[in-house]
*Asks:* 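Before I ask anything, let me first share the structure, which is written out below as structure tokens.
Proteins get letters first, then strands, A, B, ... in listed order; numbering begins at 1 in each.
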Number of protein chains: 2
Amino acid sequence: EVASEAEVAKEVSDQALPHFKIQKEMSSQEQGMKMSSGKKGEFRYPEPDELVPKEAPAIGVISLPHPIWSREQLDSVVVAHKAPKGFVDWCAYLSVQALRKSFDLTSGYTFGKKNEANWLRRIIFLETVAGVPGMMGAMVRHLKSLRSLKRDNGWIHTLLEEAENERMHLMVALQIKQPGKLFRLGAVVTQGIFVNMFFLAYLASPKFCHRFVGYLEEEAVKTYTTLLDDIASGRIPQWTDRPAPKIAIDYWKLPEGATFYDMFAAIRADEAHHRLVNHTLSSMQSHHYNPFKPGA
Amino acid sequence: EVASEAEVAKEVSDQALPHFKIQKEMSSQEQGMKMSSGKKGEFRYPEPDELVPKEAPAIGVISLPHPIWSREQLDSVVVAHKAPKGFVDWCAYLSVQALRKSFDLTSGYTFGKKNEANWLRRIIFLETVAGVPGMMGAMVRHLKSLRSLKRDNGWIHTLLEEAENERMHLMVALQIKQPGKLFRLGAVVTQGIFVNMFFLAYLASPKFCHRFVGYLEEEAVKTYTTLLDDIASGRIPQWTDRPAPKIAIDYWKLPEGATFYDMFAAIRADEAHHRLVNHTLSSMQSHHYNPFKPGA
Ligand SMILES: [Fe+2]
Ligand SMILES: [Fe+2]
Ligand SMILES: [Fe+2]
Ligand SMILES: [Fe+2]
């Protein structure tokens with residue numbers, strides 16, 4: 001009755017539902033405890049060795065739905081700005097501007113030389129931060145739905161899609177080069193601060209937080225537009241016509257032979273999408289139904 | 001060039017990608033700010049009134065992938081127990097037993113009379129708690145992936161699926177009857193305590209936390225098995241042959257005419273699935289690749 005180890009491993013990894021199949025009838029004594037009711041049984045719980053695939057699938061193979069951009073869409077993203085209206089908007093706008101200006105100055109972006117190493121460090125650092133807001137928003141709304149016994153109104157999936165999409169941006173950038181120890185320390189400290197501040201801010205004012213992210217994404221589109229200009233005009237010679245990593249091609253379904261330019265154009269299109277999503281969510285009421293469908 | 005309001009609303013709600021389409025060229029002066037690079041433009045950001053659907057779609061229409069159980073699977077779920085091995089397992093097992101016994105005593109489940117109101121209160125209360133662990137685990141792993149610059153190894157989607165699935169259990173139960181104010185206060189207080197404890201525990205030992213959830217789910221399967229017995233033997237006369245709510249039929253793709261019995265059988269199958277998932281994740285190493293595919 002009990003499936004062999006090989007069968008179990010195959011069933012689990014083939015999306016079968018093994019817990020219905022690898023059960024056997026046992027007496028209460030055998031089980032060592034009295035079951036409260038119903039049929040008695042015990043799984044033969046599979047051991048990790050049987051389950052864990054020998055080789056992990058590529059990064060991004062399992063992903064939430066996300067937009068796949070056409071060539072035309074990739075090339076028509078524009079730097080854009082939503083004018084702040086009212087106190088909350090201005091707070092969000094000025095916070096982002098203050099953060100950007102001080103980060104640009106201290107990181108050497110404003111006056112320093114831009115080269116491959118600088119660009120890469122900047123991108124990786126920003127993407128470690130960019131994945132935070134979506135997850136925090138999703139968590140707060142999920143817990144709120146549970147404790148208030150009310151539906152979420154469809155926001156959570158969009159926030160989770162954004163969080164995962166930003167994590168993919170990070171994973172793709174890490175294919176190029178892994179940063180050093182000092183950088184890693186900086187990323188950890190920054191997250192420690194940002195997570196806590198954003199979490200508290202989201203409890204206090206989701207409207208502020210989504211506007212804040214909307215303005216952050218305006219800046220992200222600017223930055224990636226500058227990067228695309230730099231690549232196109234040969235200012236980062238290492239990246240001219242360089243083929244995109246495989247995980248980027250698979251994730252965005254880029255054509256074979258896609259380049260770094262195409263990959264960063266896809267990232268920029270994602271940021272433009274987050275910009276629209278967050279500005280829209282900020283303008284909505286918390287109980288309004290989210291108009292964005294999965295993957296769009 | 002600018003789309004009409006009706007067009008914009010349609011585009012957004014049809015999963016179009018409106019931010020590429022509703023842009024217009026503007027001078028820097030018009031925009032009120034100098035863009036850093038690239039084409040200049042401004043969206044006509046749609047107003048919430050144009051976007052938010054007049055009528056919200058039904059609960060659960062947008063959901064993460066989740067197993068759809070066959071009749072045979074629904075009826076073959078068994079009460080089961082994984083014997084604790086080692087210190088962490090025993091801590092998890094004894095914590096769950098202590099929680100269950102004291103909850104059963106104080107809630108009147110052990111000695112009190114079971115009727116519709118008692119059952120419903122118990123289910124709703126437990127499901128407000130059940131949605132917490134998956135979201136906490138997903139959040140911790142997501143943030144860890146970002147700050148450590150390492151891939152997640154495919155755990156997050158399974159944890160999010162569990163969290164959403166538990167939230168659906170709650171939404172389905174709330175279709176039957178909405179609890180009163182005192183109950184709501186209890187749910188809020190309980191979440192406040194449980195979220196913080198589980199979050200800290202997950203930082204300290206994911207192995208403990210998944211084992212803990214595995215044992216919680218063993219109890220959930222017992223409870224729902226008792227409930228199914230009570231329904232089948234007519235001890236909850238209001239629920240005998242009562243038709244399942246529409247959102248339950250849609251979510252689990254139950255046949256038309258499905259009853260409360262079928263709906264709670266689907267919930268029990270979900271819990272049995274969480275039981276296997278969490279016992280398996282607990283037995284794995286954090287860097288092992290998650291063998292569970294989306295929706296399975
Ligand atoms: Fe990003
Ligand atoms: Fe972004
Ligand atoms: Fe549940
Ligand atoms: Fe569960």
*Asks:* By a 4.5 Å heavy-atom criterion (distance strictly below it), what part of B/Ile124 contacts chain A: side chain, backbone, both, or neither?
*Replies:* side chain
*Asks:* Using non-hydrogen atoms only, which part of B/Leu174 is less than 4.5 Å away from chain A: side chain, backbone, both, or neither?
*Replies:*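 The answer is the side chain of B/Leu174.
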*Asks:* Just so I know, are the side chains of B/Ile156 and A/Arg167 near enough to count as touching, which here means a heavy-atom distance under 4.5 Å?
*Replies:* yes
*Asks:* Determine whether A/Leu64 and B/His157 make a side-chain contact, defined as any pair of heavy atoms from C-beta on separated by less than 4.5 Å.
*Replies:* no
*Asks:* Check whether any side-chain heavy atom of B/Gln191 sits under 4.5 Å from a side-chain heavy atom of A/Leu146, and report yes or no.
*Replies:* yes
*Asks:* Taking the side chain as everything from C-beta on, heavy atoms only, tell me whether B/Met139 gets closer than 4.5 Å to A/Met136.
*Replies:* yes
*Asks:* Which atoms of B/His279 come close to chain A, meaning under 4.5 Å heavy atom to heavy atom: side chain ones, backbone ones, both, or neither?
*Replies:* side chain
*Asks:* Where does B/Pro65 contact chain A at under 4.5 Å (heavy atoms): side chain, backbone, both or neither?
*Replies:* neither
*Asks:* What part of B/Phe183 is in contact with chain A, defined as an atom under 4.5 angstrom from a non-hydrogen atom: side chain, backbone, both or neither?
*Replies:*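 When you check distances to chain A, only side chain atoms of B/Phe183 fall under 4.5 Å.
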*Asks:* Rounded to the nearest 0.5 Å, what separates atom CH2 in B/Trp155 from atom CD1 in A/Ile62?
*Replies:*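 Going from the CH2 atom of B/Trp155 to the CD1 atom of A/Ile62 covers 13.5 Å.
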*Asks:* Contact part of B/Ala173 toward chain A, heavy-atom cut-off under 4.5 Å: side chain, backbone, both or neither?
*Replies:* neither
*Asks:* Could you look at A/Glu127 and say if it's the side chain, the backbone, both or neither that has a heavy atom under 4.5 Å from chain B?
*Replies:*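 For A/Glu127, the contact with chain B is made by the backbone alone.
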*Asks:* Please state whether the side chain, the backbone, both or neither of B/Leu143 comes within less than 4.5 Å of a heavy atom of chain A.
*Replies:* both
*Asks:* In terms of heavy-atom proximity below 4.5 Å to chain A, should B/Thr190 be classed as side chain, backbone, both, or neither?
*Replies:*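 No part of it gets close to chain A.
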*Asks:* Mind ranking B/Gly154, B/Ser63, B/Ser145 by heavy-atom pairs under 4.5 Å with chain A and telling me who comes out on top?
*Replies:*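 Ranked by heavy-atom pairs under 4.5 Å with chain A, first place is B/Ser145.
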*Asks:* Would you mind checking which part of B/Val195 comes under 4.5 Å of any heavy atom in chain A, side chain (CB onward), backbone (N, CA, C, O), both or neither?
*Replies:* side chain
*Asks:* At a heavy-atom distance under 4.5 Å, which candidate from B/Glu55, B/His142, B/Lys150, B/Met171 has the highest pair count against chain A?
*Replies:* B/His142
*Asks:* Heavy-atom distances under 4.5 Å only: say whether B/His288 touches chain A with side chain, backbone, both or neither.
*Replies:*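 Both backbone and side chain of B/His288 come within 4.5 Å of chain A.
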